[in-house]
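In what follows, a single structure is set out as structure tokens and then discussed.
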Amino acid sequence: MATYDFVFDGLGLRNWCGSSSDGGGGMTSMADLLAKTSGQDAATSPWETPFPSMDELHRACPGFPQSRELTTGLEEGFMSIKDGLKVVVDPLTQPLSWALNEALWVMQAIPWFVMIPLLMLVAWAVGRSLKLVGLVALCFGFLAFVDYYDYTMQTLAIIFVCALICVMFGVPIGIAMSRSDRLQRGMIPVLDMLQTLPPFVYLIPLIFLFSVTEPKLYGIAIILYAIVPVIRLTDLGIRLVDPDVTEAADAFGMTKSQKLFNVEIPLALPNIMAGVNQTIMMSLAMVVIASLVSAPGLGVLVLRGIRSLELGVGLLSGLGIVLLAIILDRVTKAALARINVSQSR
Amino acid sequence: MTDTEIKISIRNLYKIFGDNPQPALQMIKEGMGKTELLEEHNHVLGLNDINVDVPAGKTTVIMGLSGSGKSTLIRHLNRLIEPTAGEVWVDGENILEYNDKQLRHLRQHKMSMVFQKFALLPHRTVLQNAGLAPSIEGQSEHKYADEARKWLDRVGLYGQGDQYPHQLSGGMQQRVGIARALTSNSDIMLMDEAFSALDPLIRTDMQDLLNELQAELQKTIVFITHDLDEALKLADHLVILKDGFVVQQGEPQNILLNPADPYIEDFVSDINRARVLRVRSVMTKTTEPSGEYAGEIDHNDNLESVIGLSEGNTALSYRVLKDGQQVGVLNMRKLVRALVPSEQSDDPESARRSG
């Protein structure tokens, strides 16, 4: 006897259920087995009344699906659209694979004595601060000194490509959202979901969709995870542009695109740059997790630390990621600070 | 006002804010009031049957308290706000029939605007801000720099072109705003409470600057303000708005001497009439030289200067000249009477208010 027999009896659905629950259509769940072994089915106190879950209802009525069937159903559903999806998504995302491969190749092909000064130069161009350049030199020097140079460059290459693509897509999406309240209402739940979904969860459907050796697999996962802040802050930044200034732009006869490029984007730039900073930080976080699906870089070392309990490797590569994060954060923040100085009101 | 060319002409302009303005417009035309419309239909009556002619080359001041619709009205002149009904004619063309391209041309070449909160682009230098209009047309900075610098110098910002707006004080920022409007080389300047955000001394400076520029350039200026002193100082033509309709319009002297309703009487009761009224508005018009004159005064002198001249002696009379020709006679007694509001009417209420 199952607890919820009365539901189906009461509703007159017993026939739909097929054979009566006592008919014993095979052991279907662990609970069934446990009940069988303990053999004290009859004396359940009201305190132990189970929640009318799918499994519990199944016990009363074999026609009712088990929760297991829900997950397998989802899986089968995904599998059935997988091929169709792949035909569309595969060619679309192929450039991402190329870009990642090229970037990885370039970053590693350039010798260290060119690469490190180049990165210092970039830091100078962005931040105009000698302290920052020193920090960059020190961090990369240290990472190279402990023989993590190649791993660092791989991580950096992945972040450059993914952050760039995030900005390329995120800024236009953010602008579109700032233009249309309806789009904003539609996008916000999607962005919330992307941001709160545990990063590992992205990987699961992607593994089914692409082969694990393809760079775009982790590329897509990183981009989906990291694109959110740049979209949000572009939307916010454009919406926060002083309406008096946009009115002045209108009053002097600017076209819509002139207004966008000469007024709205420049005035929203501090917010957009804050979004870019966040995006870079989040892609760094994701690149570590993505090493589970063959993303090269410092994450691989962290993973090795966990898998084979190499404490030293794990800690040192963790430190390397922290240093990389500090550099990327400081450099983007220096850029942000320069914009703020030129237009603080 | 003498016959002058009309630059902008507003005809039967209505603006109703709300989701469904057309039926509301019908109700207004059938005589519904502003409060009724808001309470029963949740629509706000912004402008109600506005008819104003803006003379070319003169300063027209639109005055009203906050909520009277003056900022809404000025934004109809370059269609930053679209009207619910009505026409706006500029140089003989109804701008409400303009398409986007024509409208942009109008805004770039015919009308420029100065804003209450300056609305400068914070990421551009003062020079680049002043050259906004030519830069919108696609001119490069070195091409428009001379013109922009000329106007920056003219408004008193010598050598400040490389600063950013946030490095300037409020008064200086508004000078940039004026230079920006002048650089566009348009005939019409719309000024939306341009000096209201400035402190009183700077405001007086800016009013003087504007009067000076106007004497030199003769632009068609539409100036919005809530300050009667400012209005009287700048206006050649004064329009008084209340709750979205025009209460009275005309020459400021005339409005001062003949207020059309108690609302305007209230408005004008507090101002220094001796400084605002001119000899021409209170003199007796005559070309005959008769009697004895204590001296000669210009028809555009204000009464304050005449009182100073007479040293308070009310027994005197003055000959009033215009371009060297006598146009009238001013008796000091008449002058003193003009200083008391509404002296023509025997209304004790208004006499008390003026006291």
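Naming: A, B, ... by sequence-line order, numbering from 1 per chain.
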Original post:
Given the rule in the side-chain contact (heavy atoms from CB on, under 4.5 Å) test, do A/Asn262 and B/Arg124 qualify, once you have shown the distances and angles that lead to the verdict?
Top reply: CA-CA 10 Å; A/Asn262 296 332; B/Arg124 292 198 181 179; 3.4 Å; yes
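- In terms of non-hydrogen atom pairs under 4.5 Å with chain A, the most contact-rich of B/Pro165, B/Ser184, B/Ala119, B/Ala133 is B/Ala119.
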Subject >> Evaluation steps, side-chain contact (heavy atoms from CB on, under 4.5 Å), between B/Ile136 and A/Phe252 >> reply: CA-CA 8 Å; B/Ile136 289 171; A/Phe252 280 88; 3.7 Å; yes
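- Looking at B/Leu80, the atoms closer than 4.5 Å to chain A (heavy atoms on both sides) all sit in the side chain, from C-beta outward.
- Heavy atoms closer than 4.5 Å to chain A are found nowhere in B/Arg79, neither backbone nor side chain.
- Here the CG-NE2 distance, from A/Leu269 to B/His123, works out to 9.5 Å after rounding to the nearest 0.5 Å.
- Counting heavy atoms from C-beta outward, B/Gln116 and A/Asp244 have side chains that stay 4.5 Å or more apart.
- For a residue to count as touching a neighbouring chain, one of its non-hydrogen atoms must lie under 4.5 Å from one of that chain's; by this rule A/Gln258 touches chain B with the side chain only.
- Of all residues spanning residues 88-114 of chain B, those with a heavy atom less than 4.5 Å away from chain A's heavy atoms are B/Arg104, B/Arg107, B/Gln108, B/Met111, B/Ser112, B/Met113, arranged by number.
- Heavy atoms closer than 4.5 Å to chain A are found nowhere in B/Leu190, neither backbone nor side chain.
- Neither the backbone nor the side chain of A/Thr246 comes within contact range of chain B, judged by heavy atoms closer than 4.5 Å.
- Counting heavy atoms of neighbouring residues, nucleotides and ligands inside a 6.0 Å radius, atom NZ of B/Lys7 exceeds 12 of them.
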